[in-house]
Amino acid sequence: MKPLALKSLAGALLQSGAVLLLYLGLSLLDIWGYMPRLGHVAAYGMTAGFALAVFFLSLRKAVKPPLLPAARNFGLCVFLVGLFALFAGEDLDRRWTVAIKPVALFDYPVARVHVRVVPPGYTGSGILEKQFVADGHSYAAADLNPIPEGSLLKVRLENSPWPAALRAGRKEVVLQETEPGIYEGELVIEQATGWQVRRGSEKLGAWPIILLEDQAPEIREFRVTEELTPLGLIPVHLDVADDYRLADARVRVIQPDKPESDVHEEILPVDKLTSYDGEFYLDLSMSNAAGGPANLMLVIEDEAGQTTGREITGVTIPRREFSDPIARKLASLREELLERPQDRQSLARQLMALSLLPAEETSSPVYHLALRSAYWRLVSPSAPGDPEEARRMLWDLANLVDGGAGGQVELALVQKLDAVRRVLLLGKSAEEIRQELAYLDTLFARFSASQALVRDSGEETLDHRVLHKLYGRVLYYAAKNHHDKAERLMDYLRTALVNQDVSFLTIGGYSRFVAATQGQQIMDNLISIQKRLLANSYKGGLKAEIVTTDKSGHYEARVRREWQEWGVTQSKLGESLKQLSSALIGSGIDSRNDVEEVHRLIGDVLASLEAGQMETAAQYQSQILVLLNNLKHRLGTELYHSPLMQELEEEEEG
């Protein structure tokens, strides 16, 4: 072949090769996945046709262009293709293959997408699964929606020759190859309207997301309900809820004039609950705001980490008054440490002096150990929080000295009752509730022992038989899935405890309740009979007038028989009242004065009936009715805790 012909052929090849390289370079930029498949086919065909046209036109030209410009253009295209290949990285094989074998013209393995939606555990929703053919279409996937916010989307791509990526909203994760041709990955769904699986620009499939947004917890009500309880506790009512579950709730005591000071917090046991509507009794006397006004801030958080707060202003925090002089001194040193932290060295020396008191003043070894620990935390603190920890220890010591080993056991009981109520509200099994009640019973034993130290010889002690009956009723309700009734029992008990009114739990207290309950039923019957006798007496007055006009005497005989029957009934009423009085006296309810007065009046009634003086009999019977109602009212005062005791008296079914 002539040199001129060879030169022309080389130039034509370089020109057409540059066209093909430009197409290949564009393909390595992965642009075809963003275009319709027919658009890629059209570009593929046009590139081939244009390369052939350039080749033949270059051969037919009379004057051939020099080889150097064609070689330079070809070299530039080679450089660009190499550069784009570097940018393609691990996706080079797929882009190269798609460039020379368009998807619309060649067969590729059809991939499959297996998806699992795992909602957050606190939602209580089940796992959703579905499998799709990844052929580039969009799917409704209605059976996967709605999807709770925070759900884990797990995708398994099968039968794919190349890796892919999972994208949902602004999040994207590359699927990792676990087996040949199988790729897996997962991400958490947040703020997304759809998800898709892509191989570069190629969309294997797209699916919509109907996101079930997790709402922030709601505080419907937060208020201080009434005055302080006898234990010095502040009762607060809160009504809170979350669309799934609460994770935390706490009340913060904030000093309005010292917002930067340490904030005291009380944690409320509402975690795992979806809602809580009730009261808590808080001991805030340990806070730095004790003795003055403060703001109470309720902060609740759900399991998704969202928080809501509400504040009550101008709440007076009580200051605890200690009766023991050493306890008062410890509390005073604690306050001085707060007001004059720069004087902690001199205050520490006073602590050391307290530890040297005679043994009879402070016999507990815990007292001396805690005092020395507080002393060293003030003299040479090893951590920034040591001075504050020393103040806390002084507070605990003051309570220990003032209340003995059983000090603050009532507060511990209240807190444990709150914990038991939470377990009941969660609907836990009877066995879990039994374990909680076992610890509660231990606290009640400590409470009984601490009360024995300060009780007069004539005072009654706790009757554990009543407590065990209460526990049995709670477990019975739990076994029957009536957790709401069991929770109500605990609430009754807690209310009595914070008001220091647990007389129904003492020896004889329960029997008094039973006697009063049965006595009220008997009194209702006696009052009903007495009302009927009173009505008869009023009617008898009219009959007495008719008797005076009866010449035959038959009507008078019949009327007098009625009066005798009324007298017998009145006597029987007196005997029934006497028997009831004996039972009440035996249970500790003294009703002798009222019963004796009723018996005296019954004698007057019988005498009046015998004499036919109906009007006088009615007056005496009216007085009897007043006394019976008074006695019924007295029995009612014994039923102050009737909701709790009536629950215990209900007959168990099944």
Side-chain angles (χ1 to χ4, degrees), residues 27-34 37 40 84-104 106-212 303-304:
S27 299
L28 294 181
L29 289 177
D30 198 21
I31 66 172
W32 306 123
Y34 301 110
R37 291 183 177 182
H40 183 197
F84 294 157
L86 289 176
F87 287 156
E90 296 180 357
D91 199 30
L92 176 62
D93 179 62
R94 184 190 65 82
R95 298 184 186 186
W96 175 273
T97 304
V98 171
I100 60 178
K101 297 170 63 176
V103 175
F106 296 87
D107 290 332
Y108 286 89
V110 179
R112 295 183 302 275
V113 174
H114 184 272
V115 59
R116 299 181 74 212
V117 178
V118 184
Y122 61 83
T123 65
S125 303
I127 297 175
L128 305 173
E129 295 189 61
K130 191 168 179 61
Q131 186 164 306
F132 303 93
V133 176
D135 54 4
H137 291 86
S138 295
Y139 296 87
D143 51 350
L144 288 178
N145 287 309
I147 298 175
E149 184 179 9
S151 296
L152 183 64
L153 185 68
K154 307 178 85 171
V155 167
R156 176 184 174 95
L157 180 64
E158 301 175 350
N159 200 32
S160 174
W162 301 295
L166 169 64
R167 182 184 301 172
R170 296 183 179 181
K171 292 185 175 182
E172 182 173 318
V173 61
V174 177
L175 304 181
Q176 302 297 319
E177 187 172 21
T178 56
E179 299 178 31
I182 298 178
Y183 299 86
E184 297 181 358
E186 60 186 39
L187 55 75
V188 176
I189 301 175
E190 293 175 345
Q191 304 299 322
T193 58
W195 65 279
Q196 54 184 268
V197 178
R198 307 187 68 94
R199 289 192 298 226
S201 63
E202 180 188 5
K203 182 172 67 176
L204 296 179
W207 299 265
I209 290 178
I210 301 175
L211 193 63
L212 196 60
E303 293 197 349

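Both backbone and side-chain heavy atoms feed into the values below; hydrogens, waters and symmetry mates do not.
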**Prompt:** Do Val173 and Glu186 have side-chain heavy atoms sitting under 4.5 Å apart?
**Reply:** no

**Message:** With a sphere of 6.0 Å drawn around NZ of Lys171, does it hold more than 12 non-hydrogen atoms of other residues, nucleotides or ligands?
**Reply:** yes

**Inter-residue atom distance Glu158.CD - Thr178.OG1, 0.5 Å rounding** = 9.0 Å

**Message:** I want to check something: taking the side chain as every heavy atom from C-beta on, are Val115 and Trp195 in contact at a cut-off of under 4.5 Å?
**Reply:** yes

**Asked** Looking at side-chain heavy atoms only, is the closest gap between Tyr183 and Val174 below 4.5 Å?
**Response** no

**Item:** Atom pair CZ (Arg156) and CD (Gln131), whose distance is rounded to the nearest 0.5 Å
**Value:** 9.5 Å

**Prompt:** Is the side chain of Lys203 donor-acceptor paired with the backbone N or O of Gln196 at a distance under 3.5 Å, no angle test?
**Reply:** no

**Request:** State, yes or no, whether a side-chain contact exists between Ser160 and Arg199 at a heavy-atom distance under 4.5 Å.
**Result:** yes

**Complete:** Between Asn145 and Pro208 the two heavy atoms that sit nearest each other are ND2-O, 3.4 Å

**Asked** Any idea which heavy atoms bring Ala192 and Ile209 closest together, and the distance?
**Response** O-CG2, 3.7 Å

**Prompt:** Which of parallel (below 30°), tilted (30 to 60°) and perpendicular (above 60°) describes Tyr108 and Trp162?
**Reply:** tilted

**Fill in**
Closest non-hydrogen contact found for Pro119 with Ile127 is CD-CA, 4.2 Å

**Message:** Return the CG to CD1 distance between Leu128 and Ile147, rounded to the nearest 0.5 Å.
**Reply:** 7.5 Å

**Message:** Treating Asn159 as the side-chain partner and Arg112 as the backbone partner, does any N or O pair qualify as donor plus acceptor under 3.5 Å?
**Reply:** no

**Prompt:** Of all heavy-atom pairs between Leu211 and Glu149, which one has the smallest distance, and what is that distance?
**Reply:** CD1-CA, 3.8 Å

**Interatomic spacing from CG in Leu153 to CZ in Arg167 - rounded to 0.5 Å** = 14.0 Å

**Message:** If you define the side chain from C-beta out and look only at heavy atoms, does anything of Gln191 sit under 4.5 Å from Arg170?
**Reply:** no

**Message:** Could you measure the distance from the CG atom of Leu175 to the CD1 atom of Ile182? Nearest 0.5 Å is fine.
**Reply:** 12.0 Å

**Message:** Would you say that Glu129 contacts His114 through its side chain, given a criterion of any heavy-atom pair below 4.5 Å between the two side chains?
**Reply:** yes

